[in-house]
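So the structure is just underneath, and the comments pick up after that.
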Amino acid sequence: MTSGSELYEFGLASSGKLKLRATARLAEGGPDATFEACVLLHEAARLERRAVEVLPACPASTRLAASVEECFCLVEGRNPPGAGEVWGRILREKRDVDGGTAEALLSRLTPRYEASRRGFAKLIGSCTTLRQLRIAGALVPTSAAERARAVREVNLVLSKFPGIPGFWWAAYRLAEAGGDLATAWSALSRGHRLDPDNRQFTAMGVLVAARALSAGDADEHIRRTRASLARAGAEVCLMYALAEIELARADGARARWLRAREATSIGLVQARSGELRRELHATQLVLESLLAGQDPTFDALYLAGLGAVAASAPPKSNVIELLSWEAERRVQAMERRAAA
């Protein structure tokens, strides 16, 4: 059996290899190589955290050193907000370490973190449209002109700090609102690569893939998602089911409906909120109608406890489209976390 210390050493070695690869990509220059370096550095940061967590009894200085390396990876990975989260942990952890040791551990990081933080703060301060949207608690402006300004500002931030997952989420939402599904998919995919454990990115990625990609590419993407549904979370299961329903319009309807129904059953086991359970149940009822050769009706919404949604729907609304819209609205309402 592998010991905690062996796993710790393996994690550090793996993180070191990723950092070396990232350094090489950064040396290449250019936006694509820089983004790939950011992906590598974010994975290195996660490995630094996991490495120290496997130690059964971790000295305070070792824990602080791991946080310093994690923060440094995020600074170099062009993610000042992510680095800021870890910096707060560093300030707490260094209280348990003697001053000389803490100072030595932080000597390389502190000036890099402060320079990154100041540069990011100055840039955000110049983005007037994004500041106004944040104050209003919105992410997508209602007017096309304001949306265009928001797109320019988001792209400016990403040109300087391409490692911030939340700004890729913002780029996705703005592109989707403008009807540019190709750009929306590209942005969402990049955010997901930086933060693969974020269920919001995973869930929306399944549905956007069904709309933005060719049938073959979409099938490949959702096939990979299907393999992990048992641990993916209820949101992902719901979006997977809705993606299969959308793709069923083109081919293989019955097989897709059966896979979608199975996904809703898996999702109901994992669901923790009443609203999510109701949406999964409604999707199940829609699928039962489809499998029986019947057109879904609003009864599916009423029977699942979504009567308020059904009652406020415009006349002649498509039940499946309405259910998809409601599910998207709820997942996107989590975007304060994604856009952090």
Side-chain angles (χ1 to χ4, degrees), residues 176 179 181 184-185 188 199-200 202-333:
E176 184 181 58
L181 284 178
W185 166 252
L188 188 57
R199 287 181 178 175
Q200 187 178 24
T202 307
M204 288 309 306
V206 178
L207 197 56
V208 174
R211 296 168 178 172
L213 301 181
S214 67
D217 289 342
D219 261 335
E220 175 60 24
H221 181 79
I222 68 172
R223 182 191 63 77
R224 292 194 299 269
T225 304
R226 183 166 64 247
S228 62
L229 287 179
R231 59 184 184 279
E235 295 90 352
V236 178
C237 293
L238 174 60
M239 291 308 193
Y240 170 87
L242 293 171
E244 286 281 24
I245 292 172
E246 288 210 13
L247 290 169
R249 297 171 184 173
D251 69 283
R254 187 168 185 83
R256 291 190 184 281
W257 293 337
L258 288 169
R259 289 196 295 266
R261 185 174 64 179
E262 181 183 9
T264 60
S265 297
I266 295 171
L268 281 168
V269 174
Q270 302 177 64
R272 295 293 178 266
S273 75
E275 186 175 11
L276 188 50
R277 282 192 291 271
R278 288 189 288 272
E279 289 169 2
L280 284 160
H281 187 202
T283 305
Q284 274 190 335
L285 294 173
V286 163
L287 287 160
E288 293 295 342
S289 295
L290 291 170
L291 287 164
Q294 302 167 356
D295 291 331
T297 69
F298 276 75
D299 286 357
L301 301 179
Y302 284 111
L303 289 170
L306 296 175
V309 176
S312 59
K316 299 182 180 180
S317 294
N318 181 288
V319 177
I320 295 173
E321 291 178 357
L322 183 63
L323 184 56
S324 292
W325 181 86
E326 187 67 18
E328 288 180 69
R329 178 199 62 76
R330 192 186 53 73
V331 172
Q332 289 171 347

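On a predicted model such as this, the values are computed, not experimentally measured, just so you know.
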Stepwise, does the side chain to side chain contact (heavy atoms under 4.5 Å, CB included) test hold for Ile245 with Thr283? CA-CA 10 Å; Ile245 292 172; Thr283 305; 4.1 Å; yes
Find the distance between CZ (Arg226) and CD1 (Ile222) and round it off to the nearest 0.5 Å. 6.0 Å
Roughly how far, to the nearest 0.5 Å, is the CD atom of Gln284 from the CG atom of Leu238? 10.5 Å
Looking only at heavy atoms, which two atoms of Ala218 and Ala209 are closest? And how far apart? CB-O, 3.5 Å
For the backbone of Leu229 and the side chain of Arg231, can you confirm whether one donor and one acceptor N or O come within less than 3.5 Å of each other? no
Starting at CD of Glu262, measure out to SG of Cys237 and round the result to the nearest 0.5 Å. 9.5 Å
Report yes or no: does Arg277 contribute a side-chain atom to a donor-acceptor pair with the main-chain N or O of Leu268 at less than 3.5 Å? no
Where do Pro296 and Ser289 come nearest, in terms of heavy atoms and distance? CA-CB, 4.0 Å
Under 4.0 Å between a side-chain nitrogen and a carboxylate oxygen: does that hold for Arg223 and Glu220? yes
Show the numbers, then the answer: is there a side chain to side chain contact (heavy atoms under 4.5 Å, CB included) between Met204 and Met239? CA-CA 7 Å; Met204 288 309 306; Met239 291 308 193; 3.6 Å; yes
Exercise: identify the closest heavy-atom pair between Ala234 and Leu276: CB-CD2, 3.2 Å
How far apart are the C-alpha atoms of Tyr240 and Arg259, what are their side-chain angles, what is the distance that settles it, and do they pass the side chain to side chain contact (heavy atoms under 4.5 Å, CB included) test? CA-CA 9 Å; Tyr240 170 87; Arg259 289 196 295 266; 3.7 Å; yes
Identify the heavy atoms of Ala300 and Leu285 that sit nearest to each other, and give their distance. O-CD1, 3.5 Å
Hey, could you give me the CD/CZ distance between Glu279 and Arg329, rounded to the nearest 0.5 Å? 7.0 Å
So CD of Gln270 and CG of Leu280: to nearest 0.5 Å the spacing works out to 9.5 Å
Out of curiosity, Glu176 CD to Glu328 CD, how far, rounded to the nearest 0.5 Å? 6.0 Å
Taking atom CD as the centre, does Glu326 end up with more than 12 heavy-atom neighbours from other residues, nucleotides or ligands that are less than 6.0 angstrom away? yes
Run the side chain to side chain contact (heavy atoms under 4.5 Å, CB included) check on Thr225 and His221 step by step: do they pass? CA-CA 7 Å; Thr225 304; His221 181 79; 4.2 Å; yes
For Ala230 and Ile266, which heavy atoms make the closest approach, and how far apart are they? CA-CG2, 3.9 Å
Donor-acceptor contacts, no H, no angles, side chain residues 303-320, under 3.5 Å, sequence neighbours left out:
| unit_1 | atom_1 | unit_2 | atom_2 | d |
| --- | --- | --- | --- | --- |
| Ser312 | OG | Ala308 | O | 3.0 |
| Ser312 | OG | Val309 | O | 3.3 |
| Ser317 | OG | Pro314 | O | 2.5 |
| Asn318 | OD1 | Ile320 | N | 2.9 |
| Asn318 | OD1 | Glu321 | N | 2.9 |

Pairwise side-chain contact, Asp219 with Arg256, heavy-atom cut-off 4.5 Å (strictly under): yes
Looking only at non-hydrogen atoms, find the nearest pair between Trp185 and Gly205 and report the distance. CZ3-O, 3.2 Å
